[in-house]
Amino acid sequence: GENVEQHPSTLSVQEGDSAVIKCTYSDSASNYFPWYKQELGKRPQLIIDIRSNVGEKKDQRIAVTLNKTAKHFSLHITETQPEDSAVYFCAATRESNQFYFGTGTSLTVIP
Amino acid sequence: GAGVSQTPSNKVTEKGKYVELRCDPISGHTALYWYRQSLGQGPEFLIYFQGTGAADDSGLPNDRFFAVRPEGSVSTLKIQRTERGDSAVYLCASSHRDSPYEQYFGPGTRLTVT
């Protein structure tokens with residue numbers, strides 16, 4: 001099955017700086033890569049996703065890049081704000097039903 | 001509209017007991033998923049329903065775990081003879097047939113087995 005690794009496990013940045021979280025996957029057939037944000041005690045919320053036929057996708061301060069050859073994808077958050085503080089999970093799937101999640105990155109944005 | 005809801009939000013049970021966890025998906029979502037999230041980990045897939053049938057139950061850890069979705073809407077995850085290792089947050093998600101990749105999660109049920 002698929003194996004998703006996520007780094008770093010914790011990340012602290014100053015408000016206004018950028019944050020980058022990286023994930024690698026093992027199954028070259030994976031074709032959909034979502035990112036979820038989970039605040040403490042809350043449900044995971046989809047913040048951005050990318051399909052394997054696209055190399056980059058951007059939504060305001062958030063962007064995701066995908067390198068299919070190297071089998072890795074990254075989340076980029078620019079101009080970070082304190083409300084960006086949360087745990088972020090990447091996931092990969094080649095079928096819509098079974099998502100394989102990374103172990104999460106705890107992001108702290110320091111005001 | 002209303003999101004995915006799960007009940008109870010918290011469940012404490014003794015080792016060996018039976019528990020049922022309920023999930024109400026978003027109205028009109030045909031696909032429903034159960035995940036288990038242990039502390040400090042990402043969600044781990046358990047089972048997936050398309051309509052009333054379990055299309056993929058390969059993530060269920062053993063035969064103590066079972067899930068049903070008799071009318072294609074509400075689903076119940078059932079755990080028999082609970083063990084301390086079953087303690088985790090159980091998350092439910094649903095998706096619409098037109099956007100099968102977009103899974104929307106519920107708030108979860110935190111299960112503690114003492």
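Just so we're on the same page: letters track the sequence lines, and every chain starts at 1. For clarity, every value in this text was computed on a predicted model and none was experimentally measured.
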query = Would A:Tyr100 and B:Tyr33 show up in the same hydrophobic cluster when neighbours are defined by side-chain heavy atoms closer than 4.5 Å?
reply = no
request  = Carefully, step by step, assess B:Gln103 and A:Leu46 under the rule side chain to side chain contact (heavy atoms under 4.5 Å, CB included).
outcome  = CA-CA 8 Å; B:Gln103 295 187 19; A:Leu46 177 67; over 6 Å; no
ask   = How about A:Phe89 and B:Gln41: do any of their side-chain heavy atoms sit closer than 4.5 Å?
value = no
Connected via hydrophobic side-chain network under 4.5 Å: B:Leu77 and B:Leu32 = yes
message = Determine whether a donor-acceptor pair (N or O, by modelled atom type, separation under 3.5 Å) exists between the side chain of A:Arg43 and the backbone of B:Val4.
response = yes
query = Around B:Phe66, counting heavy atoms of other residues, nucleotides and ligands shown, do more than 12 lie under 6.0 Å from its CZ?
reply = no
task = Take atom CD of A:Gln81 as the centre, draw a 6.0 Å sphere, and report whether it contains more than 12 heavy atoms from other residues, nucleotides or ligands.
result = yes
inquiry  = Among B:Gly106, B:Gly108, B:Pro43, B:Ala55, which residue has the highest count of heavy-atom pairs closer than 4.5 Å to chain A?
reply    = B:Pro43
key: Whether over 12 other heavy atoms sit under 6.0 Å from B:Glu14 CD   = no
Atom CD of A:Gln45: over 12 foreign heavy atoms under 6.0 Å = no
message = Over 60° means perpendicular and under 30° means parallel, so tell me whether A:Phe99 and B:Tyr35 are parallel, tilted or perpendicular.
response = tilted
query = Can we call the ring centroids of B:Phe105 and A:Tyr36 under 6.0 Å apart?
reply = yes
Common cluster, B:Ile79/B:Val89, ILVMFWY with side-chain heavy-atom separation under 4.5 Å = no
request  = Look at atom CZ of B:Arg97 and say whether more than 12 heavy atoms of other residues, nucleotides or ligands are closer to it than 6.0 Å.
outcome  = no
ask   = Say you draw a straight line from CG of A:Asp49 to OH of B:Tyr101; how long is it, rounded to the nearest 0.5 Å?
value = 11.0 Å
task = Go through the atoms of A:Pro34 and report whether side chain, backbone, both or neither lie under 4.5 Å from a heavy atom of chain B.
result = neither
Heavy-atom proximity to chain B below 4.5 Å, by part of A:Gln38 = side chain
request  = Among the options B:Gln6, B:Glu102, B:Glu44, pick out the one with the most heavy-atom pairs lying under 4.5 Å from chain A.
outcome  = B:Glu102
key: B:Gln50, part contacting chain A, at a heavy-atom distance under 4.5 Å   = neither
